[in-house]
Amino acid sequence: MLAADDPHEETGAPLSPRAIAPGAELRPLETRHDREFADHLDRAREHIRPWVGPAFVTDTLDGARATLLRYARAAAEDGARLFGIWLRGRLVGGVMFVRFSAPTGQCEIGCWLEPAAEGQGLVTAATRLLVDHALGDRQLHRVEWRCRADNVRSAAVARRLGMTLEGTLRGAWRVGTTFHDEQVWGLVRPDWVAGASRP
């Protein structure tokens with residue numbers, strides 16, 4: 001059993017801030033960032049609304065705080081967790097373990113970004129750290145990436161991460177009263193190890 005004053009060691013989460021590009025840093029997104037997160041969502045909300053779950057796109061400070069608290073509780077149980085992307089000191093988006101299960105050896109990764117931060121490779125760099133953590137540090141077997149079938153940017157990230165498009169779920173992604181197709185991308189540890197070993 002680990003010491004009570006070191007609660008993060010048990011989860012094996014990548015906790016230290018990491019530079020992902022010039023002027024850009026990936027850090028855990030925590031409840032203390034509630035105001036910053038709420039302000040960021042004000043800039044990003046309408047842009048990301050079609051592509052993320054409705055519970056994530058809150059429009060109040062209390063809603064932002066509730067989202068961060070939900071993920072903090074999951075992270076404390078070695079489950080889902082959030083990481084923010086700060087660009088020149090400003091929160092512009094993030095990546096997440098939508099699901100994380102060490103017992104089953106599987107996780108799902110997701111992302112979001114406000115418009116001003118697109119096109120700089122931030123999401124690809126950040127999600128690559130999560131993939132390496134899941135398949136390397138934590139020795140999980142499988143990482144999934146799910147996106148709307150018409151989300152070209154998201155699918156391009158999955159492809160750059162070396163994932164395989166495994167199938168399309170018809171009408172599985174709901175936005176309001178409209179149902180869209182959903183792509184399922186996957187990467188398993190043997191393929192990740194083989195990719196990492198190539199020059």
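Note that the structure is a prediction, hence the values are computed from the model and not measured.
Taking the salt bridge (Lys or Arg N to Asp or Glu O under 4.0 Å) definition, one finds that Arg174 meets it with nothing, sequence neighbours left out. Looking at residues two or more places apart in sequence or on another chain, you find a salt bridge (Lys or Arg N to Asp or Glu O under 4.0 Å) between Asp39 and Arg35. Contacts of Trp173 classified as side-chain hydrogen bond (donor to acceptor under 3.5 Å, both in side chains), with partners at least two apart in sequence or in another chain: none. Applying the ring pair (Phe, Tyr, Trp, His ring centres under 6.0 Å) criterion to Tyr71, with sequence neighbours excluded, gives no partner residue. Partners of Asp150 according to the salt bridge (Lys or Arg N to Asp or Glu O under 4.0 Å) rule, which considers only residues two or more places apart in sequence or in another chain, are Arg148. With sequence neighbours excluded, no residue satisfies salt bridge (Lys or Arg N to Asp or Glu O under 4.0 Å) with Arg73. For Ser154, the side-chain hydrogen bond (donor to acceptor under 3.5 Å, both in side chains) criterion is met by Trp145, not counting sequence neighbours. With sequence neighbours left out, the side-chain hydrogen bond (donor to acceptor under 3.5 Å, both in side chains) criterion links Gln120 to no other residue. Residues satisfying the side-chain hydrogen bond (donor to acceptor under 3.5 Å, both in side chains) criterion with Thr31, sequence neighbours excluded, are absent altogether.
Nearest heavy-atom pair, Gly186 versus Arg142, reported as atom, atom and distance to 0.1 Å: CA-NH1, 4.2 Å. When every heavy atom of Val52 is checked against every heavy atom of Cys111, the shortest pair comes out as CG1-O, 4.2 Å. Closest of all the heavy-atom pairs between Ala80 and Val98 is CB-O, 3.4 Å. Of all heavy-atom pairs spanning Thr58 and Ala64, the tightest one is OG1-N, 3.4 Å. The shortest heavy-atom contact between Arg153 and Gly119 is NH1-N, 4.1 Å. Among all heavy-atom pairs drawn from Glu182 and Ala172, the shortest one is OE1-CB, 3.5 Å.
Remark: of the listed residues Leu26, Ile109, Val143, Ile109 is the sole one forming a side-chain contact (heavy atoms from CB on, under 4.5 Å) with Thr127.
Under the 4.5 Å side-chain heavy-atom criterion for grouping Ile, Leu, Val, Met, Phe, Trp and Tyr, Phe179 is not connected to Val175 through any hydrophobic cluster. In terms of hydrophobic clustering, with Ile, Leu, Val, Met, Phe, Trp and Tyr side chains grouped at heavy-atom distances under 4.5 Å, Leu61 and Leu29 are assigned to different clusters. By the rule that hydrophobic residues join a cluster once side-chain heavy atoms approach within less than 4.5 Å of another member, Leu140 and Val188 end up as members of separate clusters. Taking hydrophobic clusters as Ile, Leu, Val, Met, Phe, Trp and Tyr residues chained together by side-chain heavy-atom distances below 4.5 Å, Trp51 does not share a cluster with Trp185.
Between atom SG of residue Cys107 and atom CD of residue Glu144 there is a gap of 8.5 Å, rounded to the nearest 0.5 Å. Atom-to-atom distance recorded for Asp181:CG and Asn151:CG is 13.0 Å, nearest 0.5 angstrom. Within the model, atoms CG of Leu68 and NE2 of His33 stand 9.0 Å from one another, a figure rounded to the nearest 0.5 Å. One distance of note links CG of Asp34 with CZ of Arg32; it measures 11.0 Å at 0.5 Å rounding. Considering CG of Leu122 and CD1 of Ile20, their distance stands at 5.0 Å, rounded to 0.5 Å. Rounding to the nearest 0.5 Å gives a distance of 13.5 Å between NE2 of His141 and OG of Ser101.
Between Phe37 and Trp112, the ring planes lie perpendicular to each other; the angle is over 60°, past the 30° to 60° tilted range.
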All N/O donor-acceptor pairs, side-chain side in residues 82-93, below 3.5 Å, sequence neighbours left out:
| residue | atom | partner | partner atom | Å |
| --- | --- | --- | --- | --- |
| Trp86 | NE1 | Glu36 | OE2 | 2.7 |

In residues 155-165, what donor-acceptor pairs under 3.5 Å come from side-chain atoms, sequence neighbours left out?
| residue | atom | partner | partner atom | Å |
| --- | --- | --- | --- | --- |
| Arg160 | NE | Thr124 | OG1 | 3.1 |
| Arg160 | NH2 | Thr124 | OG1 | 3.1 |

### Query
Please walk me through it: do Leu169 and Arg146 pass side-chain contact (heavy atoms from CB on, under 4.5 Å)?
CA-CA 10 Å; Leu169 307 178; Arg146 292 174 176 249; 3.5 Å; yes
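Within the 3.5 Å criterion, the main-chain N or O of Ala44 finds no donor-acceptor partner in the side chain of His47.
Within the structure, salt bridge (Lys or Arg N to Asp or Glu O under 4.0 Å) contacts touching residues 103-115 (residues at least two apart or in different chains) are Arg43-Glu114, Arg99-Glu108.
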